Amino acid sequence: TMVALWGASALLVLFLAAFLPPPQYAQDPAMVHYIYQRFQVLEQGLEKCTQATRAYIQDFREFSKNISVMLGRCQTYTSEYKSAVNNLALRVERAQREIDYLEYLREADICVESEDKSLAEKLLQEAEEVKKIQTLLNASCDNMLMGIKSLKIVKKTIDTDGSWMKDAGSDSPKVYFLIGSRNNTVWEFANMRAFMEDSTKPAPRKLNLPLSWQGSGQVIYRGFLFFHNQGTSNEIIKYNLQKRTVEDRMLLPGGAGRALVYQHSPFTYIDLAVDEHGLWAIHSGPGIQGHLVLTKIEPGTLGVEHSWDTPCRSQDAEASFLVCGVLYVVYSSGGQGPHRITCVYDPLDTIREENLPNLFFPRRPRSHSMIHYNPRDKQLYAWNEGNQIIYKLQIKRKLPL
């Protein structure tokens, strides 16, 4: 800094010298005095500048010293703060582990309580379900099938598929004849004799339905014809035979109608049935060869009362029927005989397999198009290779609940 000041003074002298008068005027006293005064003022200014610079340097040194001290203290404080933060982090981590452990213990207790509660609720629901099923199937019916006693061919036709029946909900002697797996014509015969002998009077009454049925799973119950509507996967039609009008319709849930209900019945996707408990529907569950699903239907409102997934498979099955709330499924190998019942499902679980004999049908060359039970006369109505057949049954009492 001092070197810079002396350099500035030299430059100032040279600058002032440039304005000095020529030699002939150098001896002028007034001029000399003036120059001397200017030099004094300049020296005084330089002295003040030097003093100010020195004071600045001293202040800067003091400031640097103070800054160094403060930085040292800050570093000390930083180390102490970092140590305190680390200690605090360790304490927080320890506390968090303790909280997690306590939370684990609390959740374990909650899980145990929840599992106990869920188990109790499940047991309660199962008990309520059993009670509901017992109430639903609490009819004065305790019969179980023990065998097929005899076969009677009532009529012979050229049609391989179809269904025939009496009203399963009334004592009417009328016989109904539905030819084919897709049709809308119902023939009503006055009685069994008129059905067996075409020449017998009166002639049958022809009923043309506004809709066609699909398959051979139709039933007549309490004056109504129930059938699967052709062109739909799961629509059930309730047709009033007396008024000749569609009374109601419903969509059967549970994936009904997406697959054949029986492997050896190639046109039936929903099979309807009637027993002592009322109206039922049987259809195949999900899968290529799924299990049969049994659904109880309230015939008045067409509401679903209950459904069961049964262990009976649709593979190799050809027909099924219900007796006193128990499902009997008929199987045959490749659609040929023998025709036997190898799967029985009881929603009330009152029938054990060990209590069942071997249930065989009289040998027939082809599989059945339909087999339906009539709870009024305790007989099976069947269609096999164009033959309308009645099977008489051997029945015994079921085990008590």
Side-chain angles (χ1 to χ4, degrees), residues 133 137 141-149 215-217 219 252 254-266 268-277 279-297 306-364 366-373 375 378-384 391 393-396 398-399:
I133 294 173
L137 302 181
C141 179
D142 57 357
N143 294 328
M144 60 182 291
L145 181 63
M146 294 303 294
I148 311 298
K149 290 199 301 185
S216 53
V219 295
L252 193 63
R258 296 179 183 176
L260 292 172
V261 60
Y262 313 117
Q263 181 183 358
H264 299 312
S265 184
T268 303
Y269 291 83
I270 297 175
D271 191 14
L272 300 171
V274 174
D275 72 347
E276 290 81 359
H277 297 295
L279 181 64
W280 302 78
I282 305 108
H283 65 87
S284 179
I288 298 176
Q289 296 173 342
H291 293 79
L292 300 183
V293 177
L294 179 63
T295 300
K296 183 72 175 64
I297 300 175
H306 203 281
S307 287
W308 296 266
D309 293 325
T310 77
C312 303
R313 298 179 62 86
S314 63
Q315 182 182 8
D316 288 332
E318 61 179 78
S320 71
F321 57 91
L322 286 106
V323 177
C324 288
V326 178
L327 178 68
Y328 298 87
V329 185
V330 183
Y331 293 87
S332 60
S333 178
Q336 308 293 326
H339 311 281
R340 55 186 178 179
I341 298 171
T342 56
C343 185
V344 177
Y345 177 72
D346 181 8
L348 293 177
D349 199 26
T350 59
I351 294 181
R352 302 289 188 271
E353 289 188 5
E354 57 269 19
N355 298 326
L356 289 173
N358 292 325
L359 298 173
F360 287 89
F361 281 81
R363 188 174 183 86
R364 302 297 303 166
R366 299 288 181 183
S367 61
H368 292 82
S369 175
M370 55 81 69
I371 301 177
H372 283 169
Y373 173 70
K378 313 297 183 184
Q379 298 181 135
L380 295 180
Y381 290 72
W383 190 300
N384 182 280
Y391 292 109
L393 306 179
Q394 181 181 354
I395 302 291
K396 85 166 190 177
K398 288 196 296 185
L399 296 176

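All values derive from a computational prediction rather than experimental measurement. In this chain, residues are counted from 1 in sequence order.
With hydrogens and angles ignored, the 3.5 Å screen pairs a side-chain donor or acceptor of Y331 with a backbone N or O of R313. Remark: the backbone N or O of H277 is paired with a side-chain donor or acceptor of K296 at under 3.5 angstrom. A side-chain donor-acceptor contact under 3.5 Å links T268 to the backbone of S216. Checking side-chain atoms of Q263 against main-chain N and O of Q315 turns up no donor-acceptor pair under 3.5 Å. For H339 (side chain) and R366 (main-chain N/O), a donor-acceptor pair under 3.5 Å exists by modelled atom type.
Using modelled atom types, one finds a donor on one side chain and an acceptor on the other under 3.5 Å when comparing S307 with T295.
No side-chain heavy atom of V344 sits under 4.5 Å from any side-chain heavy atom of L327. In this structure the side chain of F321 never reaches within 4.5 angstrom of the side chain of M370, judged on heavy atoms. Taking 4.5 Å as the limit, every side-chain heavy atom of I282 sits out of range of all side-chain heavy atoms of V293. Counting only heavy atoms from C-beta outward, the side chains of L294 and H306 never approach each other to under 4.5 Å. Residues I148 and L393 have side chains in contact (heavy-atom distance under 4.5 Å, counting atoms from C-beta outward). Using a 4.5 Å heavy-atom cutoff, the side chains of Y373 and V219 are not in contact. The closest side-chain heavy-atom distance from Y262 to S314 is not below 4.5 Å. Proximity of S320 to D271: side-chain heavy atoms (C-beta onward) are separated by under 4.5 Å at one or more points.
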**OP:** Apply side chain to side chain contact (heavy atoms under 4.5 Å, CB included) to the pair Y328 and V323, showing each step before the final yes or no.
**Re:** CA-CA 8 Å; Y328 298 87; V323 177; 3.9 Å; yes

Subject >> side chain to side chain contact (heavy atoms under 4.5 Å, CB included) between I270 and V261, intermediate numbers included >> reply: CA-CA 6 Å; I270 297 175; V261 60; over 6 Å; no

**OP:** Please lay out, stage by stage, how L356 and M144 fare under the test side chain to side chain contact (heavy atoms under 4.5 Å, CB included).
**Re:** CA-CA 9 Å; L356 289 173; M144 60 182 291; 3.5 Å; yes

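Considering all non-hydrogen atoms of both residues, Y391 and A382 come closest at CE1-CB, 3.6 Å. Smallest separation of non-hydrogen atoms from L260 and S284: O-CB, 3.3 Å. The nearest pair of heavy atoms linking M146 to I395 is CG-C, 4.4 Å. A pairwise comparison of heavy atoms in P311 and Y345 identifies CD-CD1, 3.5 Å as the closest pair.
Considering CG of L145 and CD1 of I341, their distance stands at 5.0 Å, rounded to 0.5 Å. The NZ atom of K149 sits 9.5 Å away from the CD atom of Q379 when rounded to the nearest 0.5 Å. To the nearest 0.5 Å, atom OG1 of residue T310 and atom NE2 of residue H291 are 7.0 Å apart. To the nearest 0.5 Å, atom SG of residue C324 and atom CG of residue N143 are 4.5 Å apart. To the nearest 0.5 angstrom, L359 atom CG is 11.5 Å from C343 atom SG.
Ion pair R340/E318 not flagged as a salt bridge, since none of the NZ, NE, NH1 or NH2 atoms sits closer than 4.0 Å to an Asp/Glu carboxylate oxygen.
Under the side chain to side chain contact (heavy atoms under 4.5 Å, CB included) rule, W280 has a single partner from V274, D275, I297, which is D275.
Under the 6.0 Å cut-off for aromatic ring centres, F361 and H368 qualify, their centroids lying closer than that.
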